[in-house]
Novice: 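Attaching a single structure in structure tokens format; questions to follow.
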4 protein chains.
Amino acid sequence: MLIQIDPSSDRPLYEQLIRQMTFLVAQRAYREHELVPSVREVSKSLAVNPNTVVRAYRQLQDDGILVVRRGMGMAVAETGCERAAAVREGIVSQRIQDTLVELRQSGLADSEIRSTFLRLLDNGSPLAADTNGTRGIQKSEETQS
Amino acid sequence: MLIQIDPSSDRPLYEQLIRQMTFLVAQRAYREHELVPSVREVSKSLAVNPNTVVRAYRQLQDDGILVVRRGMGMAVAETGCERAAAVREGIVSQRIQDTLVELRQSGLADSEIRSTFLRLLDNGSPLAADTNGTRGIQKSEETQS
Amino acid sequence: MLIQIDPSSDRPLYEQLIRQMTFLVAQRAYREHELVPSVREVSKSLAVNPNTVVRAYRQLQDDGILVVRRGMGMAVAETGCERAAAVREGIVSQRIQDTLVELRQSGLADSEIRSTFLRLLDNGSPLAADTNGTRGIQKSEETQS
Amino acid sequence: MLIQIDPSSDRPLYEQLIRQMTFLVAQRAYREHELVPSVREVSKSLAVNPNTVVRAYRQLQDDGILVVRRGMGMAVAETGCERAAAVREGIVSQRIQDTLVELRQSGLADSEIRSTFLRLLDNGSPLAADTNGTRGIQKSEETQS
DNA sequence: GTGGTCTAGACCACG
DNA sequence: GTGGTCTAGACCACC
């Protein structure tokens, strides 16, 4: 339903776009064969350069999540949702692994890591708790002013 | 005991050096007033540009973890271990927070995140079991030619 | 007998249509003065934009392969089959030449190119054995709804 | 030894760069761990925009042929030559396959295809027979004016 | 010096 | 309207 990017994040914009889109398709916010927002549309809504969107969409093609419908736009690929879910799985695991490796280097015991993690997990749902600096795009276009 | 860096990581080398050193001091691998390896030594052992080491050491000075002993090199500061522990605490919390924010965007429920995390935590190798691509430096300096 | 197009090919649809039609006329699947399927018919059967068919047919006119029969549609021109055969000859030679140029840049010796080519030539399915993603149109028009 | 591109070709520049570089590595014109020409260098020598080169180099990274040496440039990856050879193999096969499919659609018999192919193969070595419009880059930089 | 990212704007082919 | 390619030029982090 919603593509969100945070221009102040240290993650590159195109990478955020790739991740967001992958997650959305994995959640079936866009379904197989459904057209996704056009490059220009996304570009305009998120105030991002078209080239940046193109770059993200291209990667999603390479991942087998999107396909080009020439002259019409880009659509979720035949088995796009599956692939997206698989890619998401990989991203999530990798992210946790990386974090664990770094944390273990800190000299903290696994038990300390576990307790800190669980404490922060239960704390609050920071799911865009602060929307400062975040720009989003709705699926149906009447939310934009 | 050991400074480890991974040149293929996406983290900058100087950042890895800062983190590693901070963690080591926090663990009291180097104690107050103890001399730390010289820039030249670290640079040679890790095959890293001296400038990169200088940069890291300067940051550690600014953090109040190291101090210059003129003519002798750099040593752990008066209250270096405390400060290092504090810095470490901040790094660890921040790291977990960041990870949580990203994971929540993936559309996975907190319960799924928790289970994946716990699974990977119990699985893994305690501390870089495989050292492929990782370069280290020992506390006693005669390991490297 | 059959116009086949592959919408997922990197060749533009109109170009595929032109080539296919040229080949069919060269093979005398449609003979001199014989009416070819109407724009509307082709468009519907192949699920292609009518404009695309129009564009292809116009090119075939320019090539002297088709002519308009006002009020009736388009037919193979007086000397259409000859011209089509000539055009086909040019296309085929050009195609092979292009391929050879590219392959020679790969650093493979001519002998390797030859053997690979012959191997693949003998292997393969004679004519689009698997029709996945390929859409066709029959000469007799009652196959499509 | 030589990167060659033809700006008048219908193949995109970045694709030509990818192919050329892949072929060169496969032929061991650049060897494992060896630095390849920098983005700016290639860009200048071939009179191509740096972004275009970046795009090509990025793809080569994704293919596992090149790796970044941060601050130093890009080098052939550990098993880069193998991978390059494998990629080349795929490119070559695919190219021939595509050609065969198209030729078979022309209505020509396999025997005719074979004879035409062999004739053109033996004809001449069009390996850059005409250098009009082709721009190249030497390995050692003293050839450029 | 190196690569990485982003913007701005242009032109093209396709449907 | 759509995506694809390319250029030009800027700024950044890293070594």
Side-chain angles (χ1 to χ4, degrees), chain A residues 5 7 9-18 35-44 46-58 60-61 66-75, chain B residues 5 7 9-17 43 46-56, chain C residues 5 7 9-17 43 46-56, chain D residues 5 7 9-18 35-44 46-58 60-61 66-75:
Chain A
I5 59 157
S9 160
D10 57 344
R11 301 266 171 191
L13 295 180
Y14 79 90
E15 204 177 289
Q16 293 185 48
L17 285 174
I18 293 170
L35 285 176
V36 297
S38 77
V39 169
R40 287 164 175 84
E41 216 174 318
V42 175
S43 158
K44 193 158 56 81
L46 302 181
V48 159
N49 189 287
N51 281 331
T52 305
V53 183
V54 165
R55 185 173 176 178
Y57 272 15
R58 187 183 178 81
L60 290 164
Q61 272 187 75
L66 298 185
V67 288
V68 217
R69 292 246 185 277
R70 282 191 303 186
M72 321 236 39
M74 320 234 346
Chain B
I5 60 157
S9 159
D10 56 345
R11 301 269 171 191
L13 295 182
Y14 78 91
E15 195 182 318
Q16 294 185 49
L17 285 175
S43 157
L46 302 181
V48 158
N49 191 302
N51 288 331
T52 306
V53 184
V54 168
R55 183 173 176 178
Chain C
I5 59 157
S9 159
D10 57 344
R11 300 269 171 190
L13 295 182
Y14 78 91
E15 193 182 318
Q16 293 186 49
L17 285 175
S43 156
L46 302 180
V48 158
N49 191 301
N51 288 331
T52 306
V53 184
V54 168
R55 183 172 177 178
Chain D
I5 60 159
S9 160
D10 56 344
R11 301 268 171 189
L13 295 180
Y14 78 91
E15 203 176 291
Q16 294 185 48
L17 286 173
I18 294 170
L35 286 177
V36 296
S38 77
V39 169
R40 287 165 175 86
E41 215 174 320
V42 176
S43 158
K44 194 158 55 79
L46 302 181
V48 158
N49 190 289
N51 282 331
T52 305
V53 184
V54 165
R55 186 174 176 178
Y57 272 16
R58 185 183 181 78
L60 290 164
Q61 272 187 76
L66 298 185
V67 289
V68 216
R69 292 248 186 276
R70 282 191 304 187
M72 322 234 38
M74 320 234 346

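In what follows, chains are A, B, ... by sequence order, proteins preceding strands, each numbered from 1. Please read these numbers as outputs of a predicted model, since none were measured by experiment.
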Novice: Taking A:S43 for the side chain and A:V48 for the main chain, is one N or O donor matched with an acceptor at less than 3.5 Å?
Specialist: yes
Novice: Which part of the nucleic acid does D:R69 contact within heavy-atom distance under 4.0 Å: base, sugar-phosphate only, or nothing?
Specialist: nothing
Novice: List the steps, then state whether side chain to side chain contact (heavy atoms under 4.5 Å, CB included) holds for D:Y57 with D:V36.
Specialist: CA-CA 10 Å; D:Y57 272 16; D:V36 296; 3.8 Å; yes
Novice: Mind checking if D:E15 touches a base, just sugar-phosphate, or nothing, with heavy atoms under 4.0 Å?
Specialist: nothing
Novice: For C:R11, is there any backbone N or O sitting under 3.5 Å from a side-chain donor or acceptor partner on C:Q16?
Specialist: yes
Novice: By nearest nucleotide on DNA chain E, pick out whichever of A:Y14 and A:P50 is the more 5' one.
Specialist: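 Residue closer to the 5' terminus by nearest nucleotide: A:Y14.
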Novice: Find the distance between CG (B:L46) and CG (B:L13) and round it off to the nearest 0.5 Å.
Specialist: 9.0 Å
Novice: Report yes if some heavy atom in the side chain of D:R55 is under 4.5 Å from a heavy atom in the side chain of A:R58; otherwise report no.
Specialist: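 A side-chain contact exists here, since the closest heavy-atom pair is under 4.5 Å.
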Novice: Would you mind pulling out the nucleotide paired to E:dT7, Watson-Crick or G-U wobble, both distances under 3.5 Å?
Specialist: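 Here E:dT7 is engaged in a pair, and the nucleotide opposite it is F:dA8.
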Novice: Pick the closest DNA chain E nucleotide for A:R11 and for C:L13 by heavy atoms, then say which residue is nearer the 5' end.
Specialist: A:R11
Novice: Please give the nucleotide sitting opposite F:dC14 as a Watson-Crick or G-U wobble pair, both distances under 3.5 Å, or none.
Specialist: E:dG1
Novice: Please find the earliest and latest nucleotides of DNA chain E, in the 5' to 3' direction, that have an atom within less than 4.0 Å of any heavy atom of chain A.
Specialist: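 Using the under 4.0 Å cut-off, the span is E:dT5 to E:dG15.
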Novice: Could you give the distance from CD1 (A:I5) to CD (A:E15), rounded to the nearest 0.5 Å?
Specialist: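 Atom-to-atom, A:I5:CD1 and A:E15:CD are 13.0 Å apart.
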Novice: Go nucleotide by nucleotide along DNA chain F from the 5' end; which of B:R55 and D:V48 gets its closest nucleotide reached first?
Specialist: D:V48
Novice: Between B:P12 and A:Q61, just flag the one whose closest nucleotide in DNA chain F comes earlier from the 5' side.
Specialist: A:Q61
